[in-house]
Number of protein chains: 2
Amino acid sequence: MADDPADAPPAAAARVHAGTLEATPPTGLPVAGAPRASGSGAPTLEDVARVAGVSRATVSRVVNGQRRVAAEIQAVVREAIATTGYVPNLAARSLVTRRTGAVIVVVSGAEEQGKPSTIDFADPFFGRVVGGMLRALRPHAVDPILMLAETDADRSRVLSSLRNGNADGALVVSTRGDDPMPGLLVEAGLPAVVFARPGRPIPLSFVDVANRDGARLAAEHLVTRGCRHVAAISGPLDVPSAQDRLSGFQDAMARHGQAFVPTAGGNFTYESGVAAMTALLDGYGDLDGVFASNDLMALGAIQALQTAGRRVPEDVRVIGFDDSSLGALSRPALTSVRQPIEEMAAEMARILLDTIADPGRRVTSTIFEPTLRIRASA
Amino acid sequence: MADDPADAPPAAAARVHAGTLEATPPTGLPVAGAPRASGSGAPTLEDVARVAGVSRATVSRVVNGQRRVAAEIQAVVREAIATTGYVPNLAARSLVTRRTGAVIVVVSGAEEQGKPSTIDFADPFFGRVVGGMLRALRPHAVDPILMLAETDADRSRVLSSLRNGNADGALVVSTRGDDPMPGLLVEAGLPAVVFARPGRPIPLSFVDVANRDGARLAAEHLVTRGCRHVAAISGPLDVPSAQDRLSGFQDAMARHGQAFVPTAGGNFTYESGVAAMTALLDGYGDLDGVFASNDLMALGAIQALQTAGRRVPEDVRVIGFDDSSLGALSRPALTSVRQPIEEMAAEMARILLDTIADPGRRVTSTIFEPTLRIRASA
DNA sequence: CCAGTGCCGGAGAGCGCTCTCGCGAATTCG
DNA sequence: CGAATTCGCGAGAGCGCTCTCCGGCACTGG
């Protein structure tokens, strides 16, 4: 969502040089510090067992710490592992254990008619989510496999991968409320956790932020700052979070005496923020506060306000939602409702790991409390 | 690099609710549209073969399109595959083919003393690179596995994964010039491609942008706009790209009559841009143009200039490097040298795939030509 | 002193797939 | 028209690992 239309690759960027260096990689040469077993390929359990003078099973036990193995034998085996440079073949292991030690991170957005994609990887949101997952997964030696789910083909590829044991579960980040991915996952009985409450209620674990509370925070802050005529710029109302943010804001304002909140709809993009604010200004010239359902639209709103000759925050105060790095760097710096994205992503990973470990486990959801990050714009 | 220090999770963000829904996932139930074979678990080649009345080998041939199989038998097999809902087990396949259909995307940044990490996933750069790779990899049914490489342990994990056939190759995105990861990969003779020229010359394929040309573009633009006293804010000079951008800029300015370019060093962060600009202003009050080696520092420079009472672009023109979405949204919008990141990432994927297919292949590099994206700041 | 009870290590059976090999049938050439 | 080929399919051997069984040994209790 954080991108500029101009970010499409310009035709002018041409490849200029494709040179070659002299050396080829030393394929097949024994690697320093990791000597291969004699014979072809990487050392196997068998090789280690032979070197250690024990059986495959014993080596396996040492490697996996499954059962008690005599201390001295353990020592011998470990040394044999070190000298052979053994490293377990995960394919072989997962063939028998039916565990892969990998989860799929599904970035799900529907491909619209015409538009190539709804997914914008330049949005810092994406990186923060992935980073949070990565750090939570790492201690468990579980790796994330990234997959796009834009088309039906993509989605069935995700399902296949999961079903045939290419990965143990899925962490889904949807960009749309009507995303079919969560439903498909539930239907297939596959372990999965989604970011943000799914569009329709389904028995699927999710992690979310208390959107209504966040909106309330924004409303109260605007009121405290003396705003009397505030408006809202909402996201697409088929997205549950957009819905919650709007209604939460309206309710909070009503409690503070402003029963009617002028509202314009956007689609979470900068341009839609500009358009919404312009429309709002047309109908309600005396606005002194605006709450936008995300930072990008808030930034667009500020732009529209400044174009219209209003000063932010002096004339109109603006609050966004997401606390993205964009808002922090823009001038005036954006006041915004902060969701702890990294923590939320980490929690997703945690829930998924639990679900994988115990598939019978009940579906759970964790809601995080947002905070208000006050900067210059409100 | 695009983040605000305040983005660290605030302690206030507490978990508020961890509810449970009633239903548990229908584990083990036959899935609509994907009926399981009788017996336990997913259908195997064997099952399909039995249903189709042929041998495992034939089914395998049909699945992989290996050798000619009689058309009618193919039809029967395909139907059997459809009715059983067969989907190949990748672990089993990769056990024998020694191919995994996965590559590791290594996000490599060294963990400094004290600082937890140099890697900032909120930087749109990260998402753009990953997105570009994803789209290039997808047609080949190759999935990216994301791994962090901050510590030595991380790096050896990457190496192990590669060596034991958990993935076929690595795409490395380094954030530092002295990153040991590329060297380790070369030493181990593993297929890999890195983003940006490695710190020291090693026989490893890489993709880069013509940094010197980009800097020249910036220099020429400033000169054309009438700037006579320009300065540069460089990145850490142990990073090759920072080095190239600076020297390219200096050379181009020299060609246009400004032999000496006042320079201040930064570390690619917003704050360092502020600091560098402030220092520059101290020493050289008559500056009318600044080239920063990335957008974040350019944004910081603008901030410092405005604080010092200079107008951008009227008094001082500022050009960044990266054409990040941040620059497009900031006011004044940032003029910046654009590197076609998505294309570059896609090219990395292409080179890696080629290298995997033909390991004897020579090391290659592709240099992309940058373009100047002119906005308000210069 | 002998049976009973652990406990530790080895043997071996697969996990699901690919791929070589070989055989029978169809095809082609002399 | 017979022989040489080619072609299509099936049989079967693993790929490297885990895990269940089982046997042997030491230790304990009666």
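The model shown is predicted, which means the values in this text are computed figures rather than measured ones. Proteins get letters first, then strands, A, B, ... in listed order; numbering begins at 1 in each.
Taking a cutoff of 4.0 Å between a charged side-chain nitrogen and a carboxylate oxygen, A/Arg138 and B/Asp154 qualify as a salt bridge. Taking a cutoff of 4.0 Å between a charged side-chain nitrogen and a carboxylate oxygen, B/Arg157 and A/Asp143 qualify as a salt bridge. Using a 4.0 Å cut-off between charged side-chain N and carboxylate O, A/Glu343 and A/Arg350 make no salt bridge. Contact check on A/Arg155 versus A/Asp152 returns a salt bridge, with a Lys/Arg side-chain nitrogen under 4.0 Å from an Asp/Glu carboxylate oxygen.
Looking only at side-chain heavy atoms (C-beta outward), B/Ile73 and B/Val54 come within less than 4.5 Å of each other.
Between the P atom of C/dG10 and the CD1 atom of A/Ile73 lies a distance of 6 Å, rounded to the nearest Å. To the nearest angstrom, P of D/dG14 lies 14 Å from CZ of B/Arg98. The interatomic distance linking B/Arg56 (CZ) with C/dC19 (P) rounds to 13 Å, in whole Å. Distance, B/Arg93 CZ to C/dT18 C1': 9 Å, rounded to whole Å. The distance between atom CG of B/Asn166 and atom C1' of D/dC17, rounded to the nearest whole Å, is 14 Å. Rounded to a whole Å, the CZ atom of A/Arg50 is 13 Å from the C1' atom of D/dG16. As rounded to whole Å, 13 Å separates atom C1' of D/dC15 from atom CG of A/Leu45. Spacing between atom CD of B/Glu46 and atom P of C/dC17 amounts to 9 Å, rounded to whole angstrom units.
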A/Ser94 vs A/Thr97, test: side-chain hydrogen bond (donor to acceptor under 3.5 Å, both in side chains). Steps then yes/no. CA-CA 5 Å; A/Ser94 98; A/Thr97 58; 5.6 Å; no
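Of the side-chain N and O atoms in A/Ser60, one or more sit less than 4.0 angstrom from OP1 or OP2 of D/dT18. Remark: B/Thr44 is not in phosphate contact with C/dG16, judged by side-chain N or O atoms under 4.0 Å from OP1 or OP2. Proximity of B/Ser55 to the phosphate of D/dA11: no side-chain N or O atom is located under 4.0 Å from OP1 or OP2.
Residue-level contact check: B/Leu90 touches neither bases nor backbone, having no heavy atom under 4.0 Å from any strand.
Taken to the nearest 0.5 Å, the NE2 atom of B/His140 stands 10.5 Å off from the CD1 atom of B/Ile356.
Checking D/dC17, D/dA11, C/dG16 against every side-chain atom of A/Ala92, the shortest atom distance belongs to D/dC17. The side chain of A/Asn89 approaches D/dC17 more closely than any other nucleotide in the set C/dC17, D/dC19, D/dC17. You'll find that the side chain of A/Ala70 is closest to C/dC8, out of C/dT18, C/dC8, D/dG10. Closest to the side chain of B/Val54, out of C/dG14, C/dC17, D/dG10, is D/dG10.
Of the residues A/Met348, A/Met133, A/Glu347, the one that meets the side chain to side chain contact (heavy atoms under 4.5 Å, CB included) test with A/Val193 is A/Met348.
Taking only distance into account, the side chain of B/Arg61 never meets the base of C/dT18 through a donor-acceptor pair shorter than 3.5 Å.
Mapping B/Asn64 and A/Ala57 onto DNA chain C by nearest heavy atom places A/Ala57 at the nucleotide closer to the 5' end.
The overall bend of the helix from C/dC1-D/dG30 to C/dG30-D/dC1, read as the angle between its terminal helix axes built from five base pairs each, is 40° when rounded to 10 degrees.
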